[in-house]
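Numbers here simply count residues along the sequence, with the first being 1. Just so you know, these numbers use all the heavy atoms, side chains as well, and skip hydrogens, waters and symmetry mates.
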Amino acid sequence: QELPEMVLLKFFRPENTPVPARPTPEQLSNLIKTSLHYPESFNHSFHQKSLCLVPVTLLLSNCSQAVVDVMIDLRHKTTSPEALEIHGSFTWLGQTQYKLQLKSQEVYSLQLKACFVHTGVYNLGTPRVFAKLVDQVTLFETSQQNSMPALIIINNI
């Protein structure tokens, strides 16, 4: 009776590691979280000075583990008549577009100035934020989800 032949076992490991799946549009629209920091109400004497300038901080937080290219556009205006009736119109002073790069989990603080010419209630939530992963070859960034309206009350003293 012959002994069965011994066979050497060979273990194979694929050389090409799988490419990570592309992030979904939902994931891409949540790369950056934004929050605006400003006073709830601001008192200004429009009789002494016609322009009321309010400092506003836009906080950008990279929620991903990747490096992200960010573009901020302040030129966006609320155009719906209802919004204008309720909130009125104001202007961002200074630079209207910013491009920056945020490292993994980085938080960046951008100092802005809002300019008002009348008393009233205004929505400061107009900055549009776009982002894309640095290593992603796309022609355009994905719009980041906007938070709730950011209302400020401008009073005359």
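Taking every heavy atom of both residues into account, F130 and D73 meet most closely at CE1-CB, 4.4 Å. Closest of all the heavy-atom pairs between Q101 and E106 is O-OE1, 4.0 Å. When every heavy atom of L133 is checked against every heavy atom of V68, the shortest pair comes out as CD2-CG2, 4.1 Å. Closest non-hydrogen pair, Q95 versus L74, comes out as O-CD1, 3.5 Å. Shortest non-hydrogen contact noted between I154 and H118 is CG2-O, 3.9 Å. Nearest approach of A131 to I32, heavy atoms of both residues: CB-CG1, 3.7 Å.
V107 is not connected to L110 by any chain of hydrophobic side-chain contacts under 4.5 Å among Ile, Leu, Val, Met, Phe, Trp and Tyr, and they are in different clusters. Residues L100 and L31 are members of one and the same hydrophobic cluster, defined by side-chain heavy-atom contacts under 4.5 angstrom among Ile, Leu, Val, Met, Phe, Trp and Tyr. Cluster membership check: I153 shares its hydrophobic cluster with L151, using side-chain heavy-atom separations under 4.5 Å among Ile, Leu, Val, Met, Phe, Trp and Tyr.
Put simply, the side chain of N30 does not reach to within 4.5 Å of the side chain of C63, judged on heavy atoms. Contact check for W92 versus L124: side-chain heavy atoms found under the 4.5 Å cut-off. In this structure, the side chains of I72 and L60 come closer than 4.5 Å at one or more pairs of heavy atoms. Residues V134 and D69 form a side-chain contact, since some pair of their non-hydrogen atoms from C-beta on lies under 4.5 Å apart.
Listed by chain and number, the residues in a side-chain hydrogen bond (donor to acceptor under 3.5 Å, both in side chains) with S64 are N62 (sequence neighbours excluded). Residues passing the side-chain hydrogen bond (donor to acceptor under 3.5 Å, both in side chains) test with K113: none are found, sequence neighbours excluded. For the side-chain hydrogen bond (donor to acceptor under 3.5 Å, both in side chains) test, no residue two or more places apart in sequence or in another chain qualifies with Q105. Under the rule for a ring-ring contact (aromatic ring centres under 6.0 Å, His included), the partners of F116 that lie at least two apart in sequence or sit in another chain are F90, Y122. Taking the side-chain contact (heavy atoms from CB on, under 4.5 Å) definition, one finds that V117 meets it with L51, sequence neighbours left out. Contacts of T57 classified as side-chain hydrogen bond (donor to acceptor under 3.5 Å, both in side chains), with partners at least two apart in sequence or in another chain: Q111.
The environment of Q48 atom CD is sparse: at most 12 non-hydrogen atoms of other residues, nucleotides or ligands sit within 6.0 angstrom. Other residues, nucleotides and ligands contribute over 12 non-hydrogen atoms within 6.0 Å of the NE2 atom of H37.
In this structure, OG1 in T96 is found 11.0 Å from CG in L112, a value given to the nearest 0.5 Å. From M71, atom CE reaches atom CD of Q97 across 5.0 Å, with rounding to the nearest 0.5 Å. Rounded to the nearest 0.5 Å, atoms CG (N156) and NE2 (H44) are 7.5 Å apart. If you take CZ on F42 and CD1 on I157, they are separated by 9.0 Å, rounding to the nearest 0.5 Å.
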